[in-house]
Enquirer: 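Below: one structure in structure tokens.
Note that the numbering runs from 1 along the sequence shown for the chain. Keep in mind that the numbers below use all heavy atoms, side chains included, and drop hydrogens, waters and symmetry copies. In listed order, ligands and their atoms are each counted from 1.
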Amino acid sequence: MDSIKKINNNERLTHQEALALYDLDLYTLGELAHAIRVDRFGKKSYFNINRHINPTNVCKDICKFCAYSASRKNPSQYTLSHEEILEIARTSIATGAKELHIVSAHNPNEGIEWYMNAFKLIKDEFPHIHIKALTAAEVDFLAREYGHSYDEILDMMIAHGVDSMPGGGAEIFDEKVRDFICKGKVTSAQWLEIHQKWHERGRQSNATMLFGHIEERSHRIDHILRLRNLQDKSGGFNAFIPLLYQKENNFLKVKNFPSAQEILKTFAIARILLDNINNIKAYWVTSSISLALVAQEFGANDLDGTIQKESIQSAAGAKSANGMSQEEFIGLIKNSGFIPVERDSLYNELRSFEEV
Ligand code: V47
């Protein structure tokens with residue numbers, strides 16, 4: 001196959017060639033992706049010690065796949081006070097968290113200061129903690145709701161202590177599918193524009209893709225290639241994170257779920273196509289830890305973190321509500337034949353657990 005020759009020569013594939021990779025058998029595809037992974041990272045697998053904080057589930061938007069936001073299916077609304085958010089930050093940092101991943105719903109009742117000041121209060125008390133906060137969907141919501149430009153919101157984030165942006169809100173870029181699953185929130189072009197502007201400020205971010213719902217393979221390829229194009233220009237994406245759709249307690253009716261083979265092929269294809277995004281993250285929360293460990297042999301070199309508490313995907317059925325202990329994480333990576341390496345939020349290596 002010509003595409004295999006192109007991959008071995010580090011040449012880029014077209015959309016059609018990339019789509020045809022799904023027709024390869026799993027092992028051939030896995031070998032191609034694994035070779036690239038090993039070339040860059042050997043047998044190292046990254047993880048970080050982090051804490052997810054979700055300050056509110058009150059949301060102006062309605063995404064059909066979401067089970068987290070307060071709705072008919074989830075009537076219990078909550079909004080944390082700054083003191084409650086600070087208390088979570090204090091406890092998490094005291095137990096070792098080096099990153100706070102703070103993502104909210106689009107709550108029109110609290111004001112932009114409630115969002116921004118939470119970051120500042122945390123940063124004032126803990127200047128060294130890494131704050132990864134506000135998805136591009138939240139940035140777009142805050143800009144529209146409070147009459148600001150994207151530039152103004154991004155500058156406010158920096159002024160209030162946000163270090164990097166998470167990859168959420170990307171969902172799937174194909175406009176037709178996007179309209180069906182999350183009409184009304186940030187468009188694909190806007191999502192990409194916001195990340196480009198963030199990168200132009202010298203900042204880094206991640207990119208996700210929600211897959212395994214109503215999208216087709218070609219939509220995944222399109223999504224990945226749009227990210228590759230932006231990364232060529234802006235260079236600020238640290239990691240690509242395929243998020244496997246979780247099906248419970250939401251409004252999206254999905255009949256066919258991807259097989260484990262299809263999921264692993266998607267990881268492998270992402271690794272092959274994204275020659276300019278270093279890290280492919282198998283987010284164990286959505287793929288399950290077992291498949292995330294296997295994904296290490298299909299291009300993934302990062303398993304995200306210990307999390308401590310997870311509310312978004314666990315609301316939709318994922319078994320992640322209480323995160324995972326560091327010891328368990330390290331043990332699982334080791335037993336799967338890889339070397340656990342703790343990284344910081346920007347992928348600097350902190351500690352290798354090869355000998356421990
Ligand atoms: O954008 C919502 C997804 C995302 C469901 O940047 C669902 O390091 C599956 O982006 N099934 C938020 N997924 C989480 C996110 C993330 C997670 C971990 C690490 C990083 C990072 C980012 O959660 C949303 C949406 O795509 N999501 N509902 C669901 N039913």
Enquirer: Is the closest side-chain heavy-atom distance between I280 and D302 below 4.5 Å?
Expert: no
Enquirer: Which ligand 1 atoms are under 4.0 Å away from a heavy-atom of D304?
Expert: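 Answer for ligand 1: 19 (C).
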Enquirer: How long is the gap from NZ on K176 to CD on E215, to the nearest 0.5 Å?
Expert: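 Those atoms lie 15.5 Å apart.
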Enquirer: Which residue supplies the protein heavy atom nearest to atom 4 (C) of ligand 1, what is that atom called, and how far is it?
Expert: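 Result for atom 4 (C) of ligand 1: L243 CD1, 3.7 Å.
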Enquirer: Is it true that E248 lies under 4.0 Å from ligand 1, counting heavy atoms only?
Expert: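 Heavy atoms of E248 never come under 4.0 Å of ligand 1.
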Enquirer: Given 3.5 Å as the limit, does a donor-acceptor pair link the side chain of R178 with the main chain of A170, or not?
Expert: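 Looks like yes, one N/O pair under 3.5 Å.
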Enquirer: Linking I/L/V/M/F/W/Y whenever their side-chain heavy atoms sit closer than 4.5 Å, directly or via other members, would I49 and V341 fall into one cluster?
Expert: no
Enquirer: Taking heavy atoms and a distance under 4.0 Å, where does K281 meet ligand 1: side chain, backbone, both or neither?
Expert: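 Just the side chain.
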Enquirer: If you have a sec, work out which protein heavy atom is nearest atom 25 (C) of ligand 1 and how many Å separate them, to one decimal?
Expert: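 The closest one turns out to be E171 OE1, 3.3 Å.
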Enquirer: Do me a favour and list the nearest non-hydrogen protein atom to atom 6 (O) of ligand 1 with residue, atom name and distance?
Expert: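 Result for atom 6 (O) of ligand 1: G167 N, 2.8 Å.
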Enquirer: Would you compute the distance between atom CD1 of I263 and atom CG of L291 and round it to the nearest 0.5 angstrom?
Expert: 5.5 Å
Enquirer: Sort out for me which residue in R203, M165, E200 forms a side-chain contact (heavy atoms from CB on, under 4.5 Å) with L154.
Expert: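 Passing option: M165.
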Enquirer: For residues 280-294, pull every pair meeting side chain to side chain donor-acceptor pair (under 3.5 Å), keeping only residues two or more places apart or in separate chains.
Expert: K281-D304
Enquirer: Decide whether an N or O pair under 3.5 Å exists between H52 and ligand 1.
Expert: no
Enquirer: Please indicate whether any nitrogen or oxygen in Y283 is less than 3.5 Å from any nitrogen or oxygen in ligand 1.
Expert: no
Enquirer: So is M165 in contact with ligand 1, going by heavy-atom distances below 4.0 Å?
Expert: no
Enquirer: Answer side chain, backbone, both or neither: which part of V285 comes under 4.0 Å from ligand 1, heavy atoms only.
Expert: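 Under 4.0 Å from ligand 1, V285 contributes no heavy atoms.
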Enquirer: Considering only protein heavy atoms, which is closest to atom 11 (N) of ligand 1, and at what distance to one decimal place?
Expert: Q246 N, 2.8 Å
Enquirer: Should the pair K64 and F251 be classed as cation-pi, given the thresholds of under 6.0 Å to the six-membered ring centre and 45° from the axis?
Expert: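 Not satisfied by the 6.0 Å and 45° rule.
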Enquirer: At what distance is the nearest protein heavy atom to atom 3 (C) of ligand 1, and which residue and atom is it?
Expert: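 Nearest neighbour among protein heavy atoms for atom 3 (C) of ligand 1, to 0.1 Å: Q313 NE2, 3.4 Å.
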Enquirer: Mark up the atoms of ligand 1 that fall under 4.0 Å of a heavy atom belonging to L244, in ascending order.
Expert: 9 (C), 11 (N)
Enquirer: Could you tell me, atom by atom, which parts of ligand 1 come under 4.0 Å of a heavy atom of N206?
Expert: 6 (O), 8 (O), 21 (C)
Enquirer: Would you say ligand 1 has an N or O under 3.5 Å from any N or O of F65?
Expert: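 F65 vs ligand 1: N/O contact under 3.5 Å present.
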Enquirer: With no hydrogens and no angle check, is any side-chain donor or acceptor of N54 less than 3.5 Å from a backbone partner on V103?
Expert: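 Yes.
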Enquirer: Identify the residue among Y46, Y347, F338 that makes a ring pair (Phe, Tyr, Trp, His ring centres under 6.0 Å) with F41.
Expert: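 Among Y46, Y347, F338, the one meeting ring pair (Phe, Tyr, Trp, His ring centres under 6.0 Å) with F41 is Y46.
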Enquirer: On the 0 to 90° scale, with breaks at 30° and 60°, tag the F173-W191 ring pair as parallel, tilted or perpendicular.
Expert: tilted
Enquirer: Tell me, please: is A67 in heavy-atom contact with ligand 1, that is, under 4.0 Å?
Expert: no
Enquirer: Less than 6.0 Å separating the ring centroids of H199 and F237?
Expert: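 They qualify: ring centres under 6.0 Å apart.
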Enquirer: Less than 4.5 Å apart, any side-chain heavy atom of K123 and any of H160?
Expert: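 A side-chain contact is absent here, since even the closest heavy-atom pair is not under 4.5 Å.
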Enquirer: Only heavy atoms of I241, strictly under 4.0 Å: list the atoms of ligand 1 that pass.
Expert: 6 (O), 8 (O), 20 (C), 21 (C)
Enquirer: Any chance you could measure L142, atom CG, to I112, atom CD1, to the nearest 0.5 Å?
Expert: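 It comes to 5.0 Å.
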Enquirer: For ligand 1, is there an N or O atom under 3.5 Å from any N or O atom of H101?
Expert: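 The answer is no, given that H101 and ligand 1 share no N or O pair closer than 3.5 Å.
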Enquirer: Under 6.0 Å from the ring centre and within 45 degrees of the ring axis: does the NZ or CZ of K265 meet both conditions for the six-membered ring of F298?
Expert: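 No, cation not above the ring by the 6.0 Å, 45° rule.
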Enquirer: Under 4.0 Å, heavy atoms only, figure out whether ligand 1 is touched by the backbone of A316, its side chain, both or neither.
Expert: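 For A316, the contact with ligand 1 is made by the side chain alone.
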Enquirer: Answer side chain, backbone, both or neither: which part of Y68 comes under 4.0 Å from ligand 1, heavy atoms only.
Expert: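 Looking at Y68 and ligand 1, no heavy atom falls under 4.0 Å.
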Enquirer: Taking only heavy atoms of G169, which atoms of ligand 1 are found under 4.0 Å from at least one of them?
Expert: 1 (O)
Enquirer: Give yes if a backbone or side-chain nitrogen or oxygen of G168 is under 3.5 Å from a nitrogen or oxygen of ligand 1, and no if not.
Expert: yes
Enquirer: For the 3.5 Å polar cut-off, considering only N or O atoms, please tell me whether I312 and ligand 1 meet it.
Expert: no
Enquirer: If you count the atoms of ligand 1 from 1 in the order shown, which ones are under 4.0 Å from a heavy atom of P166?
Expert: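 Per the distance check, 6 (O).
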Enquirer: Considering only heavy atoms, does T135 approach ligand 1 within less than 4.0 Å through its side chain, its backbone, both, or neither?
Expert: neither
